[in-house]
Amino acid sequence: MIPASFDYVEAENADAAIAALTEHGDEAKLMAGGHSLIPLMKFRLTTPQVVVDIGRINDLSYINDGGDHIAIGALTRHMAVETSDVLKAQAPILAHVASHVGDPSVRHRGTLGGSLAHGDPASDLPAAILALNATLVAKGPNGQREISASDFFTGFLETALASDEMLTEIRVPKVPDAGWSYQKFNRRAQDWAIVGVAAVSNGSTNVAMVNMGHTPLRSAAVEAALAGGASAADAAAVAAEGLTPPEDLNGDAEYRSHLARVLVGRALGEAMS
Amino acid sequence: MQVETTVNGKAMSADVEPRTLLVHYLRDELELTGTNVGCDTSSCGACTVHIDGESVKSCTMLAAQARGAEITTIEGMASADGTLHPMQAAFMECHGLQCGYCTPGMVMAASSLLKENPNPTEQEVREGLEGNLCRCTGYHNIVKSVLTAAGGA
């Protein structure tokens, strides 16, 4: 399968990428590692007129200590996130969840920023980013702004990024002593989660879910129950409340709702112990 | 567009469309047909090559993205005098192939795995090769081959 024709532009830095987006508008698409975009283009599910290659902007590939947070360049590859000693110490759930993405060859190319900007409701990394309450930094023609992870995912494959904005950095709070868990349920190696649940417990407990709606999401019902003093078991019982999970060959809404209750129970058990 | 790369130690160049996938650049332009196309959806790993020393699925990368990169394909694994790469020798010794279609990708993924983890456990080999499918289901001897190449079996 070959993608439809497009013009290829290589951006040497973020400003050049934003200039290309400003020039071409909705007809342009940024490509980082390409491991979400190229499959969509091969299936002709997307046909950008201009592909702006940002994959070689090396100064956006880093994992730095930012004081109260760890700053991760948007073009940092999954394998670098997975194997980072800094992240293993300060935000271990993110390194762990990165190791669940695809397979090692995919993780050599795919990037943290690319995966998040793709906005797939079933992919793993948004669960960790949401449960960690990370901050995403977007740069556009008028400067940069910070977006809370809980405001970032706005629809199916849609994010809060404007068409002329580029995700440049992900800031994750340092939580070296937090309890955490990622529960991914799938049937085969390298598959997406049928349902995935991330929990980070650091005084209060954040719970995020993937493939339980048209975006990755924070579980308002579970978090409210916990904040109100409910036991982990009672909080897990409301995991599917108010949600409309997708239905596909892997399971219908009732099956996913059941999985959500079970996986939230397991995640809370591990994160809060 | 002109895409210049280094493939198996040699400078290469080809004039391709921007939409040309790396696997087609290698097979159709450079006539290195050892790299196979399997699923064409980055699931099966038959098209695995090394980009700057790391395993990558060449069906999910544009040739343009490889501009300037050092690429190694299965043709570049053996020495110039024909001596097999230790991973190839281990696959031969352990009968790590049946029909052979997945084998180039398996050898490339497995050699990348051992660079990152020189002494893997059997479980780590199985997880490290999760992105490579053998439809003959010959996994037992493939894992044995990788452990043999690592010196652990």
Side-chain angles (χ1 to χ4, degrees), chain A residues 1-12 29-58 75 77-80 82-83 99-111 114 186-192, chain B residues 1-3 16-25 28 37 39-69 105-106 108-117 120 124-133 139:
Chain A
M1 297 175 291
I2 311 292
S5 293
F6 54 83
D7 291 330
Y8 174 87
V9 176
E10 184 175 353
E12 289 177 359
K29 196 79 186 159
L30 295 182
M31 179 175 67
H35 272 52
S36 299
L37 182 62
I38 293 174
L40 288 183
M41 289 171 63
K42 288 171 73 174
F43 283 119
R44 310 280 172 119
L45 293 171
T46 184
T47 54
Q49 301 295 303
V50 180
V51 170
V52 182
D53 187 356
I54 56 173
R56 276 177 285 231
I57 304 178
N58 290 329
L75 292 169
R77 299 194 193 278
H78 302 315
M79 189 61 82
E82 171 185 348
T83 57
S99 78
H100 283 265
V101 177
D103 58 63
S105 299
V106 168
R107 298 199 292 274
H108 286 145
R109 293 295 304 170
T111 67
N186 63 2
R187 289 188 174 140
R188 301 178 306 183
Q190 68 172 322
D191 265 353
W192 278 266
Chain B
M1 61 186 295
Q2 202 68 29
V3 175
V16 296
E17 284 187 74
R19 60 178 174 164
T20 304
L21 301 169
L22 178 60
V23 69
H24 297 307
Y25 172 87
D28 302 341
V37 178
C39 70
D40 204 10
T41 55
S42 64
S43 298
C44 81
C47 65
T48 305
V49 299
H50 294 178
I51 304 289
D52 298 327
E54 293 182 326
S55 65
V56 168
K57 293 177 168 181
S58 62
C59 78
T60 307
M61 183 165 174
L62 302 175
Q65 289 175 285
R67 191 181 52 71
M106 285 286 181
M108 300 313 285
S111 55
S112 178
L113 168 69
L114 290 196
K115 259 189 235 174
E116 289 167 0
N117 183 1
E124 286 169 340
V125 171
R126 290 182 182 278
E127 287 177 3
L129 294 180
E130 69 175 319
N132 291 72
L133 304 181
Y139 296 108

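Owing to the predicted nature of the structure, the values given are computational and were not obtained by experimental measurement. All chains are named by letter (A, B, ...) in the order of the sequence lines, taking the proteins before the strands, and each is independently numbered beginning at 1.
In terms of heavy-atom pairs under 4.5 angstrom with chain B, the leader among A:Ala4, A:Pro39, A:Gly55 is A:Ala4. Residue with the most contacts toward chain B among A:Ala189, A:Gly34, A:Ser5: A:Ser5 (heavy-atom pairs, distance under 4.5 Å). Of the listed residues A:His35, A:Arg107, A:Met41, the one with more heavy-atom pairs under 4.5 angstrom with chain B than any other is A:His35.
If you measure heavy-atom distances from B:Glu116 to chain A, the contacts under 4.5 Å come from the side chain alone. When heavy atoms are compared at a cutoff of 4.5 Å, A:Arg56 approaches chain B solely by way of its side chain, counted from C-beta outward. Proximity to chain A (any heavy atom under 4.5 Å) is restricted, for B:Glu17, to the side chain, taken from C-beta onward. Using a 4.5 Å cut-off between heavy atoms, A:Met31 contacts chain B through its side chain alone, with no backbone atom that close. For chain A, no part of B:Leu129 is nearby; none of its heavy atoms comes within less than 4.5 Å. Of the atoms belonging to B:Ser112, it is side-chain heavy atoms, and not backbone ones, that fall under 4.5 Å from chain A.
Rounding to the nearest 0.5 Å places CG of A:Asp7 at 10.5 Å from CE of B:Met1. Taking CZ from A:Phe43 and CG from B:Asp40, the interatomic distance works out to 8.0 Å, rounded to the nearest 0.5 Å. Atom CG in A:Asp103 sits 7.5 Å away from atom OG in B:Ser42 (nearest 0.5 Å). Taken from CZ in B:Arg19 to OG1 in A:Thr47, the straight-line distance is 12.0 Å, to the nearest 0.5 Å. Expressed to the nearest 0.5 Å, how far CZ of A:Arg109 lies from NZ of B:Lys57 amounts to 13.5 Å. In this structure, B:Leu62 CG and A:Leu37 CG are separated by 8.5 Å, a value rounded to the nearest 0.5 Å.
Surrounding NZ of A:Lys42 are more than 12 heavy atoms belonging to other residues, nucleotides or ligands, all under 6.0 Å away.
Counting heavy atoms from C-beta outward, B:Thr41 and A:Met1 have side chains that approach closer than 4.5 Å. Within the 4.5 Å cutoff, no side-chain heavy atoms of A:Val106 are placed close to those of B:Val56.
Here the closest non-hydrogen pair linking A:Ile38 and B:Gln65 is CD1-OE1, 3.3 Å. Residue B:Pro18 comes nearest to A:Tyr8 through the heavy atom pair CB-CB, 3.6 Å, listed as atom of the first residue, atom of the second, then distance. Of all non-hydrogen atoms in B:Glu127 and A:Pro104, the two that sit nearest each other are O-CD, 4.3 Å.
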* Residues A:Ile2, B:His24; criterion side chain to side chain contact (heavy atoms under 4.5 Å, CB included); working and verdict -> CA-CA 10 Å; A:Ile2 311 292; B:His24 297 307; 3.6 Å; yes
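For B:Ser55 and A:His108, the side-chain atoms include at least one donor-acceptor pair closer than 3.5 Å.
With hydrogens and angles ignored, the 3.5 Å screen pairs a side-chain donor or acceptor of A:Gln190 with a backbone N or O of B:Ser43.
Note on A:Arg188 versus B:Glu130: no salt bridge recorded, every NZ/NE/NH1/NH2 to OD/OE distance being 4.0 Å or above.
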